[in-house]
Protein chains: 2
Amino acid sequence: MTVTIKDVAEKAGVSTKTVSRVMNGEAHVRTALRETVMRVVEELGYRPNAFARSLSSARSYLLGMLLDDPAWSGYAAGMQRGALMRCREKHYHLVVEPVDSGVGGWEEELMASIASLRLDGAILTPPLCRLSPLLDRLEAINLPYVRISPGEDESRSGLVDIDEEGAAFAMTEHLISLGHRDIGFIEGIPSHAATPKRRAGFLSAMHRAGVPVGADRIVPGDFTFKGGIEGGEALLRHAKRPTAIFASNDDMALGVSAAAAKLEIAVPSQLAIAGFDDGPTARVAWPPITTIRQPVGEMAAAAVDILIDPAYRDAPGDRRFHRELPYELIIRGSTTAPSA
Amino acid sequence: MTVTIKDVAEKAGVSTKTVSRVMNGEAHVRTALRETVMRVVEELGYRPNAFARSLSSARSYLLGMLLDDPAWSGYAAGMQRGALMRCREKHYHLVVEPVDSGVGGWEEELMASIASLRLDGAILTPPLCRLSPLLDRLEAINLPYVRISPGEDESRSGLVDIDEEGAAFAMTEHLISLGHRDIGFIEGIPSHAATPKRRAGFLSAMHRAGVPVGADRIVPGDFTFKGGIEGGEALLRHAKRPTAIFASNDDMALGVSAAAAKLEIAVPSQLAIAGFDDGPTARVAWPPITTIRQPVGEMAAAAVDILIDPAYRDAPGDRRFHRELPYELIIRGSTTAPSA
DNA sequence: ATGAAAGCGCTAACAT
DNA sequence: ATGTTAGCGCTTTCAT
């Protein structure tokens, strides 16, 4: 059979409680004893049973990541990877809970899963983090959660985000500084908090540069490649087309790139293209996409840190549990000065 | 406090064992009683504690997915998604265990994690599924596992794969049927079992068509975009360059596409490009890449099915636990007939 | 068909 | 600094 705490205690000639203390790195154990116990643990290959521990201690050492990303994009994958790595470091485990909010009954299923696993906390990614009824339910069962880029109700919980508006502003300034004045913009899906912020950043940079933005220069989008093709075509079919297009994420930027190829418009010489996210797809393109690097892995890791901070339960709305991580403007081949 | 089985038993006027029977869908409970219990469960919002159940029953209802994919490509994400969905359906949970086999000590960490979670089974993805010492250790602790595309030691465990060689053969035939005779091939990373199989499929199709393959037409690769650029450049810098290039995966195919753009070779008119996998990147390209669809999600789901089959433990090597799923040739815009 | 009692392996609370 | 006791919430015998 598997080795239990009793076996270790017996062989080491101590009580199970002492073994428990050693395993959990608690104080009040003499070094000599601690070492004896450690040795026996090694010898026997003892691994504490996570279930027994959770059952008696109310802590599960399990964190959940709630994802609603039908496309399972690089964004979600990066988040997950970042959270996973930090969890591993801290001796927690991560349970990923994919959710399809398009289908009925998901909320019940999710709550059942959460309750039966007795999660210690949950990370909510966009657009889930804006579902107020979901937040209500999590609060009702007293489950601490941290939101990634929620964009509203800031004081309701810990959160991690970047300065979306500032980043969009910076990207727009980059395009303007290259000499572009007629710039098209493709929006994201409205359910994401980032959508209005990125647009606002774009508009305010244009405004500040004193460049008017025609209503036909802003088109809707949905964060997908296909949406980018459509948005790109809409912008490029004008008799007088923009010299640059700023898409609200990388996948749409690639769509614009495809639309340009179709219409035989050369990138970047005849059209500059910018994206947002710096996901895996941004690098797998030619020319590579100029974009905003959003440190998704670190954002998820920060969320884990907040969740496992013992102080978090008591003051989830406290400002010290709000992290704004730095973005980075990544200039690649898709943006150059407009040809005269 | 949270509702326990005792609360339900009390309110329903039955023993805890009866509630347990109802919750687990066991026989020997009168319909009337069953319904009463169900009603009380609803009313109280009772959720069984997964830890308590696991502690007393030896089953954890937890499956692990072991991943060693530094790029965290679409392949890994698709696998995970497929496994996750099937687990949800079957009331299991999935714990993802990323592994960086480049770093020392990963094996100990992994084993500790597995042991403490008392996993019911594990899914091994490439290239981990070929690490014989790891398989030895899993067998030593008696943990059932299923491998995805292991390519060797077939009788050692259940496995799920596709006909890699047949798929590469089909792709090559497609290119030949379009009229290509001078075709370049970029290999995958040697640690993956798929690498030699895809090459073999390519070679045998060429051979069958009676087309000789020059040694300089096969170049090494590593499944990355960058590797694809390099491989593509190597093939395209020849005075007489191939009219088509078949890359062992999509990311490399995109790299070839980028290399062609750099060298101002038009795709598909001057160069046809084919990939393999049909990952998310294949569609986010222009022209979209002709490729082989590998049903990664279904493969992972099949692995879950095998693991939770009660008969699997007793005969893991049995042929009925080997699944070969169908691939599909997806013809997109990147392959057309060579221009005369 | 249903129930009573005895753990599963660990930790919290309380000794000592 | 270390040990003892009593559960955590469920399932497993084994009765009835």
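Chain letters run A, B, ... following the sequence lines, proteins first and then strands; every chain starts at 1. Only this structure's heavy atoms are used, side chains among them; waters, hydrogens and symmetry mates stay out.
- Between A/Ser20 and C/dT11, a side-chain N or O to OP1/OP2 separation shorter than 4.0 Å is present.
- Atom CG of B/Leu117 and atom P of C/dG9 are 16 Å apart (whole Å).
- Atom CG in A/Asn49 sits roughly 18 Å away from atom P in C/dG7 (whole-Å rounding).
- In the set C/dG9, C/dT2, D/dT2, C/dT2 carries the atom at the smallest distance from any side-chain atom of B/His28.
- Closest to the side chain of A/Thr4, out of C/dC10, D/dT4, C/dT2, is C/dC10.
- Because its NZ or CZ atom is both nearer than 6.0 Å to the ring centre of B/Tyr61 and within 45° of the ring axis, B/Arg53 counts as a cation-pi partner of that residue.
- For A/Arg118 and A/Ser60, the side-chain atoms include no donor-acceptor pair closer than 3.5 Å.
- Protein atom CZ of B/Arg59 is 17 Å distant from nucleotide atom P of D/dC10, rounded to whole Å.
- Proximity note for A/Arg30 (side chain, C-beta onward) versus C/dG3, D/dT4, D/dT2: the nearest is D/dT2.
- Comparing B/Ala27 and B/Ser57 along DNA chain C, the residue whose closest nucleotide (by nearest heavy atom) sits nearer the 5' end is B/Ala27.
- No hydrogens or angles considered: a donor-acceptor pair under 3.5 Å links the side chains of B/Ser132 and B/Arg156.
- You'll find that the side chain of A/Arg21 is closest to D/dG3, out of D/dG3, D/dT11, C/dT2.
- Side-chain N/O atoms of A/Ser56 include none lying less than 4.0 angstrom from OP1 or OP2 on C/dA12.
- Comparing A/Thr16 and B/Leu55 by the nucleotide of DNA chain D that holds the closest heavy atom to each, the one mapping nearer the 5' end is A/Thr16.
- In the set C/dT11, D/dC10, D/dG3, D/dG3 carries the atom at the smallest distance from any side-chain atom of A/Val14.
- When each of B/Gly13 and A/Met23 is assigned the nucleotide of DNA chain C bearing its nearest heavy atom, the one mapping closer to the 5' terminus is B/Gly13.
- For A/Phe51 and C/dG9, the CZ to P distance is 13 Å, given to the nearest whole Å.
- For the pair B/Asp318 (side chain) and B/Arg320 (backbone), a donor-acceptor distance under 3.5 Å is present.
- The phosphate of C/dT11 has neither OP1 nor OP2 within less than 4.0 Å of any side-chain N or O from A/Tyr61.
- Residue B/Glu26 contributes atom CD, which lies 12 Å from atom C1' of C/dA1 at whole-angstrom precision.
- Side-chain N/O atoms of B/Arg47 and B/Thr2 include no donor and acceptor closer than 3.5 Å.
- Side-chain atoms of B/Arg118 and base atoms of C/dG9 include no donor and acceptor less than 3.5 Å apart.
- Using a 30° and 60° split on the angle between ring planes, B/Phe321 and B/Tyr312 fall in the perpendicular class, above 60°.
- Proximity note for B/Lys17 (side chain, C-beta onward) versus C/dT11, D/dT11, C/dG9: the nearest is D/dT11.
- Distance, A/Glu10 CD to C/dG9 P: 13 Å, rounded to whole Å.
- Residue A/Ile5 contributes atom CD1, which lies 14 Å from atom P of C/dC8 at whole-angstrom precision.
- For C/dT11, one of the phosphate oxygens OP1 or OP2 lies less than 4.0 angstrom from a side-chain nitrogen or oxygen of A/Asn24.
- In this entry the distance linking CZ of A/Arg53 with P of C/dC10 reads 9 Å, nearest Å.
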